[in-house]
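Here the structure comes first, spelled out in structure tokens, and everything after it is commentary.
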Amino acid sequence: LSTDKTVKVLNILEKNIQDGAKLSTLLNHNNDTEDEERLWRDLIMERVTKSADACLTAINIMTSPNMPKAVYIEDVIERVIQYTKFHLQNTLYPQYDPVYRVDPHGGGVLSSKAKRAKCSTHKQRVIVMLYNKVCDIVSSLSELLEIQLLTDTTILQVSSMGITPFFVENVSELQLCAIKLVTAVSTL
């Protein structure tokens, strides 16, 4: 592909990333029936998954060998980071570590050990798939840091995203990817 077409593809991918960048997957509509809530959740997870695929595609394009400088579009990189941070904080951490869950009923305050003791280890297949894609994105971001120099603000966002997984339980694969990311940030 020519550089112009590659840049156009990346701009289209950015719009797809933006579509799922701020969608919360933890819905709880009190008035909806169980079927309606399931349909809403399926629709939202479809959009979130599509955005994760767009993130991976954009990062894979940017980390491909011999890419021209025009391909490293700052807005696309920032959108990928924004998407990843949002879904780590609002989707994956609450699913994998009960300490990060918010009680929708405003129940009593439980200690982190009590919350973890009550936790179920069963995860929905779509959540596991999203987790694996986010791990790939974090890993690919470390490769991107080795290729392209990013702004200070972006580096701060990336470094906070790389450090946070070490305070979350049950995300060992993500922690391994975060080690790569933090190492890449520290070598800048």
Specify the closest pair of heavy atoms between [X] and [Y], including all atoms of both residues, with the distance to one decimal.
{"X": "Ile73", "Y": "Ala70", "value": "CG1-O, 3.6 Å"}
{"X": "Leu181", "Y": "Gly162", "value": "CD2-CA, 3.9 Å"}
{"X": "Leu188", "Y": "Leu145", "value": "CD2-O, 3.9 Å"}
{"X": "Pro165", "Y": "Tyr93", "value": "CG-OH, 3.3 Å"}
{"X": "Ile127", "Y": "Leu92", "value": "O-CD2, 3.9 Å"}
{"X": "Ser51", "Y": "Ile17", "value": "OG-O, 3.5 Å"}

Are [Y] and [X] linked, directly or through intermediate hydrophobic residues, by side-chain heavy-atom contacts shorter than 4.5 Å (ILVMFWY only)?
{"X": "Ile147", "Y": "Ile155", "value": "yes"}
{"X": "Val128", "Y": "Ile137", "value": "yes"}
{"X": "Tyr96", "Y": "Ile163", "value": "yes"}

Given side chains that start at C-beta, do those of [X] and [Y] come closer than 4.5 Å, heavy atoms only?
{"X": "Val76", "Y": "Met62", "result": "yes"}
{"X": "Thr183", "Y": "Ser142", "result": "no"}
{"X": "Phe86", "Y": "Gln82", "result": "no"}
{"X": "Tyr83", "Y": "Val48", "result": "yes"}
{"X": "Gln124", "Y": "Gln95", "result": "no"}
{"X": "Ile61", "Y": "Leu13", "result": "yes"}
{"X": "Leu174", "Y": "Leu88", "result": "yes"}
{"X": "Val126", "Y": "Met129", "result": "yes"}

Audit row: Tyr131, Glu173, side-chain hydrogen bond (donor to acceptor under 3.5 Å, both in side chains) steps and yes/no: CA-CA 9 Å; Tyr131 173 76; Glu173 297 88 0; 2.8 Å; yes
Check ion pair Arg41-Glu37 (N to O, under 4.0 angstrom): yes
Rounded to the nearest 0.5 Å, how far does [atom2] of [Y] lie from [atom1] of [X]?
{"X": "Leu56", "Y": "Lys133", "atom1": "CG", "atom2": "NZ", "result": "7.0 Å"}
{"X": "Ser172", "Y": "Gln175", "atom1": "OG", "atom2": "CD", "result": "6.5 Å"}
{"X": "Ile77", "Y": "Leu141", "atom1": "CD1", "atom2": "CG", "result": "8.5 Å"}
{"X": "Glu146", "Y": "Leu144", "atom1": "CD", "atom2": "CG", "result": "9.5 Å"}

Verdict with reasoning, Thr151 to Thr154, per side-chain hydrogen bond (donor to acceptor under 3.5 Å, both in side chains): CA-CA 5 Å; Thr151 63; Thr154 306; 2.7 Å; yes
Just wondering, more than 12 heavy atoms not from [X] lying within 6.0 Å of its [atom1]?
{"X": "Asp152", "atom1": "CG", "value": "no"}
{"X": "Lys8", "atom1": "NZ", "value": "no"}
{"X": "Gln89", "atom1": "CD", "value": "yes"}

Residues Val171, Val168; criterion side-chain contact (heavy atoms from CB on, under 4.5 Å); working and verdict: CA-CA 7 Å; Val171 290; Val168 181; 3.9 Å; yes
side-chain contact (heavy atoms from CB on, under 4.5 Å) assessment of Gln148 paired with Met67: CA-CA 10 Å; Gln148 177 65 21; Met67 279 291 138; over 6 Å; no
Short side-chain donor-acceptor distance under 3.5 Å, Lys85 and Thr164: no
Indicate yes or no for a side-chain donor-acceptor contact from [X] to the backbone of [Y] under 3.5 Å, with no hydrogens or angles considered.
{"X": "Arg101", "Y": "Pro94", "value": "yes"}
{"X": "Glu78", "Y": "Thr153", "value": "no"}
{"X": "Asn16", "Y": "Ala54", "value": "no"}

Candidate pair Asp19 and Lys15, rule salt bridge (charged side-chain N to carboxylate O under 4.0 Å, His left out), full reasoning: CA-CA 6 Å; Asp19 182 46; Lys15 299 299 180 203; over 6 Å; no
Which residues share a salt bridge (Lys or Arg N to Asp or Glu O under 4.0 Å) with Asp4, sequence neighbours left out: none
Worked verdict on Glu46 versus Thr49 for side-chain contact (heavy atoms from CB on, under 4.5 Å): CA-CA 5 Å; Glu46 183 179 320; Thr49 303; 5.9 Å; no
